[in-house]
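Taking it in order: structure first as structure tokens, then the write-up.
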Amino acid sequence: MSETLTQAAETLNEKMDGGFDGSAKFDITGMGSIVLDQNGARVADDEAEVTMTADAETFQSIIEGELNPTTAFMSGKLTIDGDMGTAMKLASAMA
């Protein structure tokens, strides 16, 4: 398990106050995945309503609030597979 992924999951838990009404998976290219649901964020590769894929730099910028997820998607830095509504709820919750 990557320490980088563990730290990212901890950051998401702090930012999301421990949970999210839905399920989303962040697939960080070449590193692994983080799942975020009602139980919080954790390093895992579980099924989710939506999977968002990005490189580590893009993902880090998104969770630190430096890059808007919608902007990342529109510029091709973030791909979304699954329920777009869940992705939009997550983007709003992370803002």
Side-chain angles (χ1 to χ4, degrees):
M1 182 183 321
S2 165
E3 186 173 324
T4 302
L5 288 176
T6 303
Q7 288 176 343
E10 290 172 7
T11 300
L12 280 169
N13 279 323
E14 291 169 10
K15 189 173 190 84
M16 301 298 295
D17 200 21
F20 171 65
D21 182 28
S23 64
K25 178 167 47 173
F26 295 99
D27 185 11
I28 299 96
T29 306
M31 295 186 75
S33 301
I34 296 173
V35 173
L36 178 64
D37 58 20
Q38 67 276 3
N39 297 317
R42 64 193 175 284
V43 177
D45 194 21
D46 302 343
E47 290 295 315
E49 295 172 56
V50 64
T51 299
M52 293 165 280
T53 305
D55 64 25
E57 183 180 334
T58 299
F59 177 69
Q60 189 72 26
S61 295
I62 290 171
I63 66 169
E64 290 178 354
E66 297 170 1
L67 178 61
N68 180 295
T70 303
T71 302
F73 174 71
M74 298 301 279
S75 66
K77 292 182 177 183
L78 175 72
T79 60
I80 299 174
D81 182 32
D83 185 3
M84 189 63 78
T86 300
M88 291 171 64
K89 279 195 317 188
L90 180 58
S92 294
M94 291 181 69

Contacts of type salt bridge (Lys or Arg N to Asp or Glu O under 4.0 Å), residue Asp81, not counting sequence neighbours =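 Salt bridge (Lys or Arg N to Asp or Glu O under 4.0 Å) list for Asp81, sorted by chain: empty.
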Closest non-hydrogen atom pair, [X] against [Y]:
X     : Y     : answer
Leu5  : Gly32 : CD1-CA, 3.8 Å
Ser33 : Asp27 : OG-OD1, 3.6 Å
Ala8  : Ile34 : CB-CD1, 3.6 Å

Within 6.0 angstrom of Glu57 CD, more than 12 heavy atoms from elsewhere =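 Counting neighbours around CD of Glu57, 12 or fewer heavy atoms of other residues, nucleotides or ligands fall under 6.0 Å, so no.
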With a cut-off of 6.0 Å (strictly less than), are more than 12 heavy atoms of other residues, nucleotides or ligands near CD of Glu66?
->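 Yes, enclosed.
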Asn13 side chain to Ala41 backbone, donor-acceptor under 3.5 Å =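 Here the side-chain-to-backbone pair exists.
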Can you find a pair of side-chain heavy atoms, one from Phe20 and one from Leu12, that are under 4.5 Å apart?
->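 They are not in contact (no side-chain heavy atoms under 4.5 Å apart), so the answer is no.
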Any side-chain heavy atom of Met52 sitting closer than 4.5 Å to one from Ile62?
->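 No. Closest side-chain heavy atoms not under 4.5 Å.
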From NZ (Lys89) to CG (Asp83), nearest 0.5 Å |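 Between atom NZ of Lys89 and atom CG of Asp83 there are 8.0 Å.
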Atom CD1 in Ile63, atom CG in Leu36: separation rounded to 0.5 Å?
->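 Reported to 0.5 Å precision, the distance equals 11.0 Å.
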Is Met31 linked to Val35 within one hydrophobic cluster, defined over Ile, Leu, Val, Met, Phe, Trp and Tyr using a side-chain heavy-atom separation of less than 4.5 Å?
->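 Per the 4.5 Å side-chain linkage, Met31 and Val35 are not co-clustered.
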Charged N to carboxylate O under 4.0 angstrom, Lys25 versus Asp46?
->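 Between Asp46 and Lys25 there is no salt bridge, as every charged N stays at least 4.0 Å from the carboxylate O atoms.
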Ion pair Lys77/Asp55, N-O distance below 4.0 Å =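 Salt bridge: no.
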If a pair satisfies ring-ring contact (aromatic ring centres under 6.0 Å, His included) and one of its residues is in residues 41-86, list it, with sequence neighbours excluded.
->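 Passing the test, one end in residues 41-86: Phe26-Phe59.
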Side chain to side chain contact (heavy atoms under 4.5 Å, CB included) partner of Thr53, chosen from Ile28, Ile80, Thr79 =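 Of all the options given, the one that passes is Thr79.
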